[in-house]
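First listed ligand is number 1; within each ligand, the first listed atom is number 1. Since this is a predicted model, take the numbers as computed values, not measurements.
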Amino acid sequence: MLSSAVIGTEIDIAADHLRAGRLVAIPTETVYGLAANAFDEYAVAAIFKAKNRPQFNPLIIHTDRIARLSGWGLQMPDLALALAARYSPGPLTYVLPASDRIPDIVTAGSGAVAVRIPDHPLTLALLSVLDFPLAAPSANPSGFVSPTTAQHVFDQLGQQIGYILDGGPCRVGLESTILSFLEDTPTLLRPGGLPLEAIEKLIGPVRIPPSGYSDNPVAPGMLARHYATRHPLLLGDPERFMGHCDPGRTAIISFCKTYPQVPLNQQFVLSANQNLEEAATRLFAAMREADAMEIDVILAEIFPDHGLGRAINDRLRRAAETQ
Ligand code: TXA
Ligand code: MG
């Protein structure tokens, strides 16, 4: 086991680690990523080990500009290019046909690769000095809540990585929206930081899989744990559950409301003025804080199912399903 990670803001140090095949946690506008040279299979294997992630779950590769993709044999269809012109860098991931340059360990042998240009100045500067893309899943142990600060990464993976590039708290706070461009009509694989409405406004209707979103397109449904909290998380109108809970040992995650039965310091109001962007930014930190409390249960409201509310509900639903 390594000694504890260093937290810093030095791009040169981060780049040296990555060139040497070591892992670095990187800030993005969505969540922190656990990064390695995507062309170095051994480095990528270390990501799976550090996260305890099943190898059938592929990784997103990150770079600083779309123009570099063709040099790696990757091509974007017109609809993806239209989105990229407007929303990259940004919280949108494009699933494209892979090329020979992309190792199987990155694609999980699926023949498709997920690509994203993250919108964070430090990470964009880091990517611009590297001559390879960075494979990076969220920097949390597999199945748990994603990190939105350098400290969150340190707390969960501090022993497994050398360097954490500290870019401050993540602006969006939820993972990227994932769209697959493998067929003519793009398919939404994961709702996330870029709302579906914004996407459809630009490129027209997107297919939403009838079976719901899959967190793992290679072997759907095989991941039992998602965004798991230590305490059970119940999703729905908190009033409905309240009669069955000890209010003194209950935490609540709500959009804008407070509940008089429960102590105020156990309530996480994500946006008093009902702003879904603000709620998204705070969601994962609230889940962590609630989880650290001496309580029995976390109750979470269902959020309005539009804009970023769709992604918030998706994450809460997965956390609730895990129980
Ligand atoms: O915002 C984000 O997307 C963050 C930051 C770090 O960029 N990354 C992230 O990575 O959330 P991860 O690994 O936690 O989630 C990526 C999701 C997984 O559910 C994975 O199955 C899916 O993307 N994915 C990756 N490669 C794929 C591929 N080739 N085809 C379909 N889905 C893929
Ligand atoms: Mg993740």
Stepwise side chain to side chain donor-acceptor pair (under 3.5 Å) test for Arg315 and Ser146: CA-CA 10 Å; Arg315 306 307 186 266; Ser146 301; over 6 Å; no
Just go through Ala139, Pro147, Pro58 and tell me whose heavy atom is the nearest to atom 28 (C) of ligand 1. Pro58
By number and element, which atoms of ligand 1 are closer than 4.0 Å to a non-hydrogen atom of Arg116? 1 (O), 2 (C), 3 (O), 5 (C), 7 (O)
Does the pair Ser88 and Tyr94 meet the rule for a side-chain contact (heavy atoms from CB on, under 4.5 Å), with working shown? CA-CA 10 Å; Ser88 285; Tyr94 311 82; 2.7 Å; yes
Check each atom of ligand 1 against the heavy atoms of Ala114 and keep those under 4.0 Å away; list them by number with element. 25 (C), 26 (N), 27 (C), 29 (N)
Asp184 atom CG, over 12 foreign heavy atoms within 6.0 Å: no
Using a 4.0 Å heavy-atom threshold (strictly under), name the region of Arg53 that reaches ligand 1: side chain, backbone, both or neither. side chain
Residue selection (non-hydrogen contact nearest atom 1 (O) of ligand 1) among Thr30, Asn57, Leu182: Thr30
Could you label the plane-to-plane angle of the Trp72 and Phe39 rings as parallel, tilted or perpendicular, counting under 30° as parallel and over 60° as perpendicular? perpendicular
Select the closest option to atom 22 (C) of ligand 1 among Ile178, Thr187, Thr93, judged by heavy-atom distance. Ile178
Identify whether the distance between the nearest side-chain nitrogen and carboxylate oxygen of Arg317 and Asp314 falls below 4.0 Å. no
Shortest non-hydrogen pair, Leu34 vs Ile47, comes out as O-CD1, 3.5 Å
Could you tell me if any non-hydrogen atom of Thr107 lies under 4.0 Å from any atom of ligand 1? no
Using a 3.5 Å cut-off on N or O atoms only, is Arg190 in polar contact with ligand 1? yes
Distances under 2.8 Å only: what protein N/O/S atoms are near the Mg ion (ligand 2), ordered by chain and residue? Ser138 OG
Any chance you could measure Asp104, atom CG, to Gln55, atom CD, to the nearest 0.5 Å? 11.0 Å
Answer yes or no: is there an ion pair linking Glu197 with Arg310, defined by an N-O contact shorter than 4.0 Å? yes
With a cut-off of 4.0 Å, which atoms of ligand 1 are near a heavy atom of Gly33? 6 (C)
Short list, please: which atoms of ligand 1 are under 4.0 Å from a heavy atom of Ser176? 1 (O), 2 (C), 3 (O)
To atom 10 (O) of ligand 1, the nearest of Pro118, Ser138, Gly192, Ser110 on a heavy-atom basis is Ser138
Counting only heavy atoms closer than 4.0 Å, does ligand 1 sit against the backbone of Leu189, its side chain, both, or neither? side chain
What residues, two or more places apart in sequence or in another chain, satisfy side chain to side chain donor-acceptor pair (under 3.5 Å) together with Asp291? none
Report yes or no: does Glu175 contribute a side-chain atom to a donor-acceptor pair with the main-chain N or O of Val31 at less than 3.5 Å? no
Under a 4.0 angstrom heavy-atom cut-off, which atoms of ligand 1 come close to Val113? 29 (N)
For Leu179, the option from Val95, Leu194, Leu188, Thr187 that meets side-chain contact (heavy atoms from CB on, under 4.5 Å): Leu188
Taking CD in Glu239 as the centre, count heavy atoms belonging to other residues, nucleotides or ligands within less than 6.0 Å. Is the count above 12? yes
Does any donor atom in the side chain of Ser176 or Thr93 lie under 3.5 Å from an acceptor atom in the other side chain? yes
In terms of atom number and element, which parts of ligand 1 are under 4.0 angstrom from non-hydrogen atoms of Val95? 30 (N), 31 (C)
Would you say Glu175 has any N or O atom under 3.5 Å from an N or O of ligand 1, going by distance alone? no
I need the atoms of ligand 1 closer than 4.0 Å to a non-hydrogen atom of Leu59, numbered in the order shown. 25 (C), 26 (N)
Ligand 1 and Tyr32, any nitrogen or oxygen pair closer than 3.5 angstrom? no
In plain terms, say whether Arg288 and Asp155 are close enough for a salt bridge, that is, a side-chain N and a carboxylate O under 4.0 Å apart. no
Keeping the roles fixed (side chain from Thr229, backbone from His231), state whether a donor-acceptor pair exists under 3.5 Å. yes
Measure the distances from the heavy atoms of Ala112 to every atom of ligand 1 and state whether one is below 4.0 angstrom. yes
Examine the proximity of ligand 1 to Ile26 and report which part, side chain or backbone, both or neither, has a heavy atom under 4.0 Å away. neither
